[in-house]
Amino acid sequence: MTDKQMLSIEIDGKKYDVEAGRSVIEIADEVGVPIPRFCYHDKLSIAASCRMCLVDIERMPKPMPACATQVSDGMIIRTRNEKARAAQKSVMEFLLINHPLDCPVCDQGGECELQDNSVGFGSQHSMYIDEKRHYEKIDIGPLVETFMNRCIQCTRCVRYGEEVAGLRELGGVDRGDRLEITTYVKHSLSSEVSGNIIDLCPVGALTAKPSKFQARPWEYKKNDSVSIHDGLGTNTSIHTLRGKVARVVSRENEAINQVWISDRDRFSYEANFSVDRAKSPMIMNEKKALEQVDWINGLKATRMAIEGAVQKLGADQVGIFVSPSATVEEQFLTKQLADQLGIKKIDSRFRQVDFSSDSVEPTFRSLGVAIKDVKSLDSIFLVGADPRMEVPVLAIDIREAVKNGAKVALLNTYDTDQLHPTEAVIAAPNQWVNVLANVLAAISQKMQKTVAPELASIVEKASSDARSIEIANMFGNDNKQWIVLGKDAVSNPDFSVIRALCQNIAEISNGAFGYIAEGANMSGASLMGVAKGNTHAMIENPLKAYILVGAIDPEHDFIERKAVMKALKQAELVVAMTPFVSEALRDVATIILPAAAWGETDGSLMNLEGKLQTVKAAAEPSFESKPLWKILRVLGNEFEFSGFDYVHCSDVLAKCANQLATNAHTNFMSYAKDLNWKAAEQTGLVAVPMESIYSTDAYVRRAPALQATPLAARKRVVGNEAVNQTQWVLEGQEFNVRSTAKMAANCLRIPREFGLMIDYYEAIEG
């Protein structure tokens, strides 16, 4: 490996030694020399269309664009002399010719690159006296507001869609002074990361529609935060106005999300103002109706109810469900309460039905690779994973890996569109083991390594499959490989065997093995001990009392939704500590304690990489809600338990710091001894519930702007081509079935938004 060639250059009279092959603007940014720009962005390709970054380079006859000019040895660059300044002023005047003078009503005013550059590099007068160009206003959906008369055609938004999001939704039509940035067919933006064009736009042409005309940028108070919709730990910044969340924008963290966030990270704050926010404590009265009480009586009633349930029914008849997005502090205090009450049934794994291999569970389910390394992978095998819908920002990195030459394979019940070439194997859920066993057999033969003894009989039972050979050929060639399990794999009734096979594939091929776990803090839940129970057993054999901790909608958040609602309805006690009260929760709850929503409370989250991030409350809790960690702490005091004398949230974090160590963590565990699998014969159709990206948690379900997008709830049932396109009736609802070759045979993909209480893998008839 040779060292990179170093060059000697001069910028504004100072000499620098720099690497060859880099642009002038990159070097200038590194050494702190300001060069104005509009079209240039370090995450996008070079367009050199705005010409704002013109600089004077010795021995060149005219000013050159700094973004498109590579440095050469001995190059002398002047960014502030008369020649460079004159060129920049001319470009600035040209860009302002058609720009409207509406800064006082523009949401970008105060954080506008055009304003900043016009002050620093513009002229005091314009020679242009004719009427400005006008564009017809376009509507591109509920998330992004357009004022295209302000557009300077920098094309950042166009390049972002094509190069980063993988979905080119905006483009230029016409040319010259008639060039217009618009959608091709006047449709709404449908990318799950479309909102990033708001941050990219250097002027006020693209702004956030939900927060438009709300305040000036300098009126907002900025607070560092972290996304709560997936385990990536995406960094965000919450902007508050008069103590309330007003908007959310991206916060740069090169190791996690670079500068991108998903639309649900950006707009789900609207849920904080939902009509079903839990406003005050409520307890069930003698008439079996919930009535409001004050906090003193609410906490007292909660303590008496839980204490009575433990004493009367026994601690083994009390179960606790903790949101996988609850903070580390909330999870720790919940476990502390459970331990002192003697409650052992506690879990956060709501979308899992097979717990038979819990004895070999890792300390927490991690990605298995560093987030920053995903872009450099050579082979990726997505097993029951849909990165676009589960971890949208990570999907950007996977697309980058594909652009760099990586190959991606997919095993699922339906072909998920990842917006890049994918070798898809579509199979019914009960056939996944067969497919993976064949992949393992092929890789073991190719690498001349032995299959794990615990899996040998399973591999022997598998029937041959040519598609598995194609996947096996992607692995085992000294490549950087990654096999990852998504939510559909975790929900599969054969999960224990599936993950054992995937681990063995990774071991034999010298690849990485990981999970895309549910929630924002499943890693913390495992380390805090609140993901060690058995959700399936807790609802399959209904308990007498349940405690729900965190933002949980039981009718949506569990894969076995019918079973969990049945269990909650028959329970004698259901205590919910939550920011939201859905109608379904109101029907089953005995006591409701209003918890503060995200952004209204301090807390820490551990991402799938094992990185802990702590944030402070950005806004005041709404109504009479209280931070959940404080509710749990005061409950501990009500029980007169020791160890609940915390004053600040940081005190709780300090107490559990030792449990958060992840130095020795690995996803590679020993294999369970009783891994059994028998190829099931499928008769009839199997229900495969699915949910849109904006139905995955309590916050996105309550964000009106997200619910108005094309990616939101779509009541469309999909079956294989063999399924008749006739009207179906399920649980009294009538609908049509759409047939597609992208769906596994003998399966119906049923949106959970239908409200049908159909459990995963349930046999159905039309």
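Not measured: the values here are computed from a predicted model.
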Donor-acceptor pair between Thr535 and Gln352 side chains, under 3.5 angstrom: no
As a test of understanding, state which of Glu390, Glu691, Glu518 forms a salt bridge (Lys or Arg N to Asp or Glu O under 4.0 Å) with Lys487. Glu691
Which donor-acceptor pairs under 3.5 Å do side chains of residues 588-599 form with protein atoms, sequence neighbours excluded?
| from | atom 1 | to | atom 2 | distance (Å) |
| --- | --- | --- | --- | --- |
| Thr590 | OG1 | Val574 | N | 3.0 |
| Trp598 | NE1 | Ser225 | OG | 3.4 |
| Trp598 | NE1 | Val226 | O | 3.0 |

Any Ile516 side-chain heavy atom under 4.5 Å of Asp230 side chain: no
Could you tell me whether His665 atom NE2 has more than 12 heavy atoms of other residues or ligands within 6.0 Å of it? yes
Please work out whether the ring planes of Phe558 and Phe350 are parallel, tilted or perpendicular, with thresholds of 30° and 60°. parallel
Which residue pairs pass the salt bridge (Lys or Arg N to Asp or Glu O under 4.0 Å) test when at least one of the two sits in residues 661-674, sequence neighbours left out? Glu454-Lys673
Between the side chains of Ser692 and Ser695, is a donor N or O closer than 3.5 angstrom to an acceptor N or O? yes
For the CD1 atom of Ile343 and the NZ atom of Lys335, what is their distance to the nearest 0.5 Å? 11.0 Å
Tell me if the CG atom of Asn658 is crowded by more than 12 foreign heavy atoms within 6.0 Å. no
Drop me the distance from Ile458's CD1 to Asp494's CG, to the nearest 0.5 angstrom. 9.0 Å
Side chains of residues 633-647: which donor-acceptor partners sit under 3.5 Å, not counting sequence neighbours?
| from | atom 1 | to | atom 2 | distance (Å) |
| --- | --- | --- | --- | --- |
| Arg633 | NH1 | Tyr646 | O | 3.1 |
| Tyr646 | OH | Gln336 | OE1 | 3.1 |
| Tyr646 | OH | Gly643 | O | 3.1 |

With a 3.5 Å cut-off and no angle check, do the side chains of His229 and Ser262 form a donor-acceptor pair? no
NZ/NE/NH1/NH2 to OD/OE distance under 4.0 Å, Lys566 and Glu560: no
Flag for Arg264-Tyr699: side-chain donor and acceptor within less than 3.5 Å: no
Do NZ/NE/NH1/NH2 and the carboxylate oxygens of Arg701 and Asp557 come within less than 4.0 Å? yes
Candidate pair Gln613 and Asn235, rule side-chain hydrogen bond (donor to acceptor under 3.5 Å, both in side chains), full reasoning: CA-CA 9 Å; Gln613 300 182 95; Asn235 284 208; 2.8 Å; yes
So does Lys344 have more than 12 non-hydrogen atoms from other groups sitting under 6.0 Å from NZ? no
